[in-house]
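Let me begin by presenting the structure, written as structure tokens, before commenting on it.
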Amino acid sequence: MENKTIIYLLAFCCIGAAASCKKDYLNKVASDNVQVEEVFSTITNAEKFVNNIYTSLPSWDYSNGNSYTISSGTDEGKQIWANGFQIFNTGSWNPSSFFPISIDWFNYYEGIRECNTFLKYYDLIPADPSHPAWKPRLKGEVFTLRAYFYSHLFKEWGTIPLLSTPVSPYGSESDLYYPRSSYEDVIKFVNSDLDSAAGALPFAYSDVTLLGRATKMVGLAIKSRMLLYYASPLFNPQNDPTRWQTAASVAKEALDDALANGYVLNSNYANVFLDYNNQEVIWNRPMGSGAIDQVMVSLGNGGWGNSGPIQEFVDAYEMAATGLPITNPASGFNPKRPYVGRDPRFYATVLYPLEWWTWRKIDAQGVDKPTAGQTASGYFWRKYMSVSTDLYYGRGYVPRKWVLFRTGELYLNYAEAQNEALGPDATVYSAVNAIRNRAGMPNLPAGLSQADMRSAIQHERRIEMAFESQRFWDVRRWKIAEVVDNGPVHSVLYSINATDTTYTYPVLQTRVFDASKHYFMPIPQSEMDKMAGKNPDFKQTTGW
Amino acid sequence: MRCNLIVLLTLLFTSLLHAKDAGSQSLLEKKITLTVKNQLLKDALNKITEMDGVNIIFTGNSLFNTERVSIDVKSVSLKKVLNELLAPYPLTYKVVDDYVVIKRTAANPETNTPLNGFVDPRDTLKGRVTDPVGNALPGVSVTVIGKPFGAATNDVGAYSIPVSPDDSIRFSFVGYKTLVRSVRNKDELNVQMEADSTGLNDVVVTGYGQVQKSISVTGAISTVRTKELKQSPVANLSNALAGRLPGLTAIQSSGLPGSDAAAIYIRGVGTYGANKSPLIVIDGLPRGDANFGDIDVNEVASVSILKDAASTSLYGVQGANGVVLITTKRGKTSGKPNIEFNGQYSQQRPTRLPTYLDAYHTALLINEGRTNEGSSPIYTNQQLQIIQSKSDPYTYPDVDWYSVILKPSAPQQRYNINISGGNDIGTYFVSGSYLHQGSLLKAADNNKYGVSDKYDRYNLRSNINLNVSKMLSLRLDLATRLENRTGPGAGVDQGVAAYDWIFKMLSQYSRTTSPVYNPDGSYAFGTGMPPDWRNILAEIQSTGYYNNFWHSTNGTVEATHLLDVITPGLKIKGLVTFENYGTIDYAQSQHYDSYRYSKDPVTGTETYAQMTTANSLTKTYSTSGYRYYFYDVQLNYDRRFGRHNISGMFLGNRSYTSVYNDLPHVYQGLVGNASYNYDQRYYLQFNFGYNGSENFPPGKRYGFFPAVSAGWIISDEEFFKNNIRLMNFLKLRGSYGIVGNDQISTSRWLFLSNYSPITAANGYTFGNPGTNVAGYYESSVGNENVTWERAKKADIAIETGFFKNAVKLTVDYFHERRDNILTTPRTIPDYLGVSVIQPKNVGSVVNRGIEIDLNVNTHVGKVNLFGNINYSLAKNKILYADEPQLAYAYQYAKGRPIGDSLGYIADGIYRSQAEIDKGPKSTLTAKSLPGDIRYKDMNGDGVIDAKDRAMIANYNFPTQTFGGSIGFAVYNFDFSILFQGALGGVANYQGYLIPQYQYRPYQWNNRWTAQTAQTARYPSMHYNDWTNDNVNSTFWQYKTDYIKLRNFEVGYSLTGKLLQRVKIKKFRVFINAQNLVTWDKLPFNDVDPEINPSGNTAVPYPINKVYNAGVTVNL
């Protein structure tokens, strides 16, 4: 071959190589991946992304800080299974061992990351000219969700890291480490989120397909609950009265807006938890139709009877006729017939021995008795349970929703804050009495001192919002857990002879609450280990 | 951008070469300093050779030995010196290649005619070339020094070549010492070539098809050749490597026909990442179907392992775990074709099989376990009596399932025929092979569909080289491999491979589990069988069959063009290769009828409860396919300037693999190499790979992987030669460089975040009535920084030869630090909210070791004796694994070897209840019993729980491997033997030793009982609750150190007139064997120490001993 030919050939090869390299040969489109552009380039997809953030909302089940089981971590009930919330009863929990609420730490931050991701890419989302409110609505929902997640972390851990962007885990170490922000900063952050959301959201949706999405009303409810916590003794040891005043005014605003927008008390207390839609519920999480029955219903009905109310909780129900506690000799309470004439909410909340349920009587010492090694109180929960459910034949299931916020709470939030801020004025009475009257209970006696009113409101919250994941946190913010969750709790036994039924109340469990550390959750040790030596600003919860 | 670089570099390279057009006569311009006084002409010329490295050849004239000359010059050109020296005599000289040839002035004045015109055959020289034992050596290259022609010996070692009386003849042959002889007017010249025991003239194949003389290699490379490979009668080539190569660890963990390959590691493991295996390179190229073990051994010329950075950096981003380089055979320019036939027949027998207690003892242990736990025995005394007397085998069976299911041995056959040859136009090597491996399943041949249980393999290869013109040569290789595995339909409905299923059942069934048949001849389903178990025999005989095909075809075309027109020594090569491979799997499976038989002890009524029901065949099938392309263009330069030798290579490549179920995989890169040596004494080499992998994000894809290496042949120094006698060879070499590993994860696109859709059915509920809606979520957060693992490797070695290379010793020390190991971060705070954190490149491991290779090759009289001992040590340690600060220092992986995991430290067994009461309380079980394992309370809190787990070894991987072979050849006999061993492996036999369903003899012999409380070695029997003992702990750990008699071979070669009369050149019969004996320290002798038992209860298909007889016929 000629000299020149070869050189031409070489040149040709080079040109060929250069030509084929215009695009990076290695730059394959990973077409089986869905990229951020695809999610946020249409508003329908962006809405889907928001839809999924709702799955981080707490639900009735699992061991989160808002579940049914949390009732057995306090003086409402007891779980029969050895795992889970039992360890809050025995005090045998620590940052290194699993404790049920520890999973909230990750779950809520996972939801927060999704919110932050949405907000980061919000500008990519094209607006829909024919539905101008659509895009801002999504942003309002996301701000509300983020505020809600932070409000949960706030009540559980107090001081928490505040992240407002989706942080890459692969960046430099200094980008990964956040301190725990103060209560004030958390309140500011959440309020600011809620204020951002308020302008974009309606109080209620007229389009029924949107029901369940965050509203302006939800934002107010979050704010109201959070400010109440912020004013409470646990968070407000100096008892700064302005916090109570703020809590009262926000609660008032929330209550007024709720009532003005149709969120009024349901005349039937039991139905608040059974009707798929009812006007009292401000926010909820749909929870399917049969699972809660499966877990909660007694063994004789084919359920697992996972937890039940304790005697102390049953005893808290007043007598309906007198409005007096059963300890008061004037109340009309008959120890021989303890389940007669009680606060009507008792019958909507508790299944007691020998009460009828579906086609049979509850028999806690017979077929409803748990297996050996497990101890039960003798009571079962009735709130949320649908009598039509037939677990044996898998039929009669009714879809229900787990209540996150309802107007009833707003009344009590207001009453409590107002009583602390200004004392038991008429608005306090009327708020508490509104709740009592709806249930069929008489008004509170007039002339209560501020302290008496405080006790009355605390009692009312316990009864009204039993099994709604409130008590566990209320006894903490009031700093009374060291009293009510410390010491023996009781179950019920009965014996029937020809003429009479006799009830006895053996000790079910002796509970332990260590006031030096149990008020706030510890950061899981595995998290502390990750930051040991690297993030000195991130400290373990006091006492742990 | 990168591609512009390719172009730029290519242009630069070529223009540089243009600039430097050195003359071919430069040798004569070499400056010579010479002082001789009245010495023989011969000595004067030799002195030039010695001092200045000029090769001067002078033969065929007595003048050299008689004439005396004097000269005293300083820095004068060689031309002048020669002119002065030779002027008085009828002698002339010319330059041929690197030689100066001095010869008598010829009658015809062609002294300075160019090479090509030089043809003056005056005589024909004939002769025969043999080895020291007298065997003919075919294919020896015979050249006349200074003349452009040569010949090769034929199949009986004979050659003929035209010569002039004063010519010199050079005989060269790979593996033998090159000889130069003078013609001296003879017309017959028979020579005996000595095997080059040094191997220093061996060529070594390095990356991308480069060939180097092994003396000049500065990297760490070990090679094993056909001869040794063929001694192992194994189906899979990978099993022939154990003990042959220092630095290589081969672990065979199953003997399953067609799936018995050994896992190969080079210099241990240097990463805890996803891929610890070396890159497989066949004929210079990474292959998609890297299953090199299924290439027929007769096609393979050598298997090399590239160990250090200098030899692997050419493979850049893929080379960090070392490279296994397979070179296939090519034809030789021997004239007549060489036809070789190989036939072998073997019997494979399990090295070890698990043994189980008979039904009676099993029943006793079951009862004992129940009693220990405080519950009532299962078997009454009366029942025990029946079991012991075997009087009711249907109700109380005692079945030795292994003997019901397995044959004592399985046959293996292999046949190969290959033809090779060639001439000036080209060479060829064509080979066809067939392998048949039967299985040990006895019943499989009774399969009613006539599908037997076996593995068949067909290999075809054709390697062709063509010299199209003086400047252009072509290589055309085609190879194909077809495999067919058939077997019973067992496990198909479970989604489990048939053998896995069968052997899992076999190792779980106790002898009491079930009879094989019921009294009426139907398949039994014993009362001891849980419902998800099956009748093993029925599973083999009556479940249909599977028929799986594997096909792999590859073809390569390579063109090499000399570019002497640009500059001598330059050539360009272009190569295109493709590969198609994949599977066609087909199965027809069904169920069978089986019955649970029972007989009422009182009434004698027999009942048959149907447990499984026959159905008709159901077919299942699947296919997979891959297509791989690779092409490269390379420039090669190899040139000598006096004592300066320069060579270089520059290559650009790309590969593309289409995958049937995924996006294609691509690579591209540049490879370069520059070598320099001075006087073949000082060597310096620089290699680099600059390449990229699509596994990484833009900007992080390409890496530059350089390596430098150097060698010094001390024995060629004057001071050495003059002073040291015993040691004839001494070389120092060392290398340092960086290599990458891009196969760091089993998943791709680690750098991309992914959003996954959620269907409406699984979505959140809004609205009234409630309606589920679709969603999206961030399913993984891409690590934009993900990149390859980086290995910094250093190697230093000393190579020696003693007694004229009869004994050679090479010692390597290596140190590797692997960084960027892909590690699942454990220090990412949860509050970032990332659900799936992709791993980060943060881990570090150090891996260090030595290799020693001792070779002996000598003659004792007529006996040719050869031996090899090699030893490798490789120890790794995790330096960093992104662990959080742990409460207990003993739980850190950092500082421990790769493969450790958390487990309890056993502290013997509780000899009595008193010891239990004293010791820490175990939370692993509700109630500790005497005879339970006692664990160390590591944190001293009085309780045994997860916090007491420490990092313990749990990875059956040896830190030391060694091999020793010795052999001799005398007359027509040859004999060789290979021992191989491994030390430092630790394995956890928990799954084998804790009785699940089956009971083993060592449990019977050594368990805790009240009587043996003080001497027992194994825990007491439990029945329901083994939880205290059945955890990962040191109690079940045993060292798996072993030595195996891997291989031995005896051969007898027939030669002589009788054979020649039937036109057979060589006829060799041999017997050999593999895995004959295993010595180890396991206290139970029914599990092969190479099997990794961790986490397994199932003993896999046994590793086999192979007894083999075969013939090789050369026509």
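Here is the naming used below: chain letters follow the sequence lines, and residue numbers restart at 1 for every chain.
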Flag side-chain contact, heavy atom, 4.5 Å: B:I837 against A:Y170:
yes
Out of B:E778, B:R701, B:K840, B:E694, which one racks up the most heavy-atom pairs below 4.5 Å with chain A?
B:R701
Options A:R285, A:Q525, A:M528, ranked by heavy-atom pairs under 4.5 Å with chain B, top entry:
A:R285
Just give me the residue among B:G775, B:S693, B:S469 that pairs up with chain A most often, heavy atom to heavy atom, under 4.5 Å.
B:G775
Cut-off 4.5 Å, heavy atoms of chain A, and the answer for B:N783 is both
Side-chain atoms of residues 750-758 of chain B: list all donor-acceptor pairs with protein atoms under 3.5 Å, sequence neighbours left out, distances to 0.1 Å.
{"residue": "B:S753", "atom": "OG", "partner": "B:G782", "partner atom": "N", "Å": "2.9"}
{"residue": "B:N754", "atom": "OD1", "partner": "A:V34", "partner atom": "N", "Å": "2.8"}
{"residue": "B:S756", "atom": "OG", "partner": "B:S779", "partner atom": "OG", "Å": "2.7"}

Chain A shares the most heavy-atom pairs under 4.5 Å, among B:N785, B:T771, B:V834, with B:V834
Between B:Y656 and chain A, which part of the residue has a heavy atom less than 4.5 Å away: side chain, backbone, both or neither?
both
Looking only at non-hydrogen atoms, find the nearest pair between A:Y177 and B:P829 and report the distance.
CE2-CG, 3.8 Å
Counting heavy-atom pairs under 4.5 Å with chain B, the top scorer among A:N45, A:T117, A:N535 is A:N45
So for A:P161, is it side chain, backbone, both, or neither that comes closer than 4.5 Å to the heavy atoms of chain B?
side chain
One should read off an interatomic distance between A:L176 CG and B:I828 CD1, to the nearest 0.5 angstrom, of 5.0 Å
Select one option (side chain, backbone, both, neither) describing which atoms of A:Y205 are under 4.5 Å from chain B's heavy atoms.
neither
What part of B:P698 lies closer than 4.5 angstrom to a heavy atom of chain A: side chain, backbone, both or neither?
side chain
So which residue, A:L163, A:L153, A:V167, ends up with the most heavy-atom pairs under 4.5 Å with chain B?
A:L163
Rounded distance (nearest 0.5 Å) linking atom OG1 of A:T44 with atom OH of B:Y776
9.0 Å
Tell me whether the count of non-hydrogen atoms from other residues, nucleotides or ligands lying under 6.0 Å of NZ in B:K894 goes above 12.
no
Of the listed residues (A:M531, A:R213, A:E38), which shares the most heavy-atom pairs with chain B below a 4.5 Å separation?
A:R213
As an exercise, state the distance from OG1 of A:T165 to CG of B:L832, rounded to the nearest 0.5 Å.
9.5 Å
Does any heavy atom of chain B fall under 4.5 Å from the side chain of A:N284, the backbone, both, or neither of them?
backbone
Working to the nearest 0.5 angstrom, can you tell me the gap between A:L211 CG and B:N768 CG?
6.0 Å
Min side-chain heavy-atom separation B:V781-A:R113 under 4.5 Å:
yes
For the residue pair A:Y54 and B:Y764, categorise the inter-ring angle as parallel (less than 30°), tilted (30 to 60°) or perpendicular (more than 60°).
tilted
Contacting moiety of A:L57, where chain B heavy atoms sit under 4.5 Å:
side chain
For A:F106, all residues meeting side chain to side chain contact (heavy atoms under 4.5 Å, CB included), sequence neighbours excluded
A:E110, B:D830, B:S835
Given that the side chain runs from C-beta out, which part of B:D662 has a heavy atom under 4.5 Å from chain A: side chain, backbone, both or neither?
side chain
Is the shortest heavy-atom distance from the side chain of A:F538 to the side chain of B:Y831 under 4.5 Å?
yes
Interface check, chain A: of B:K947, B:E784, B:E883, most non-hydrogen pairs under 4.5 Å belong to B:E784
Tell me the closest heavy-atom pair linking A:K401 and B:G767, and the distance in Å.
NZ-O, 4.4 Å
Taking A:Y108, A:W105, A:Y109 one by one, which has the highest count of heavy-atom pairs under 4.5 Å against chain B?
A:Y109
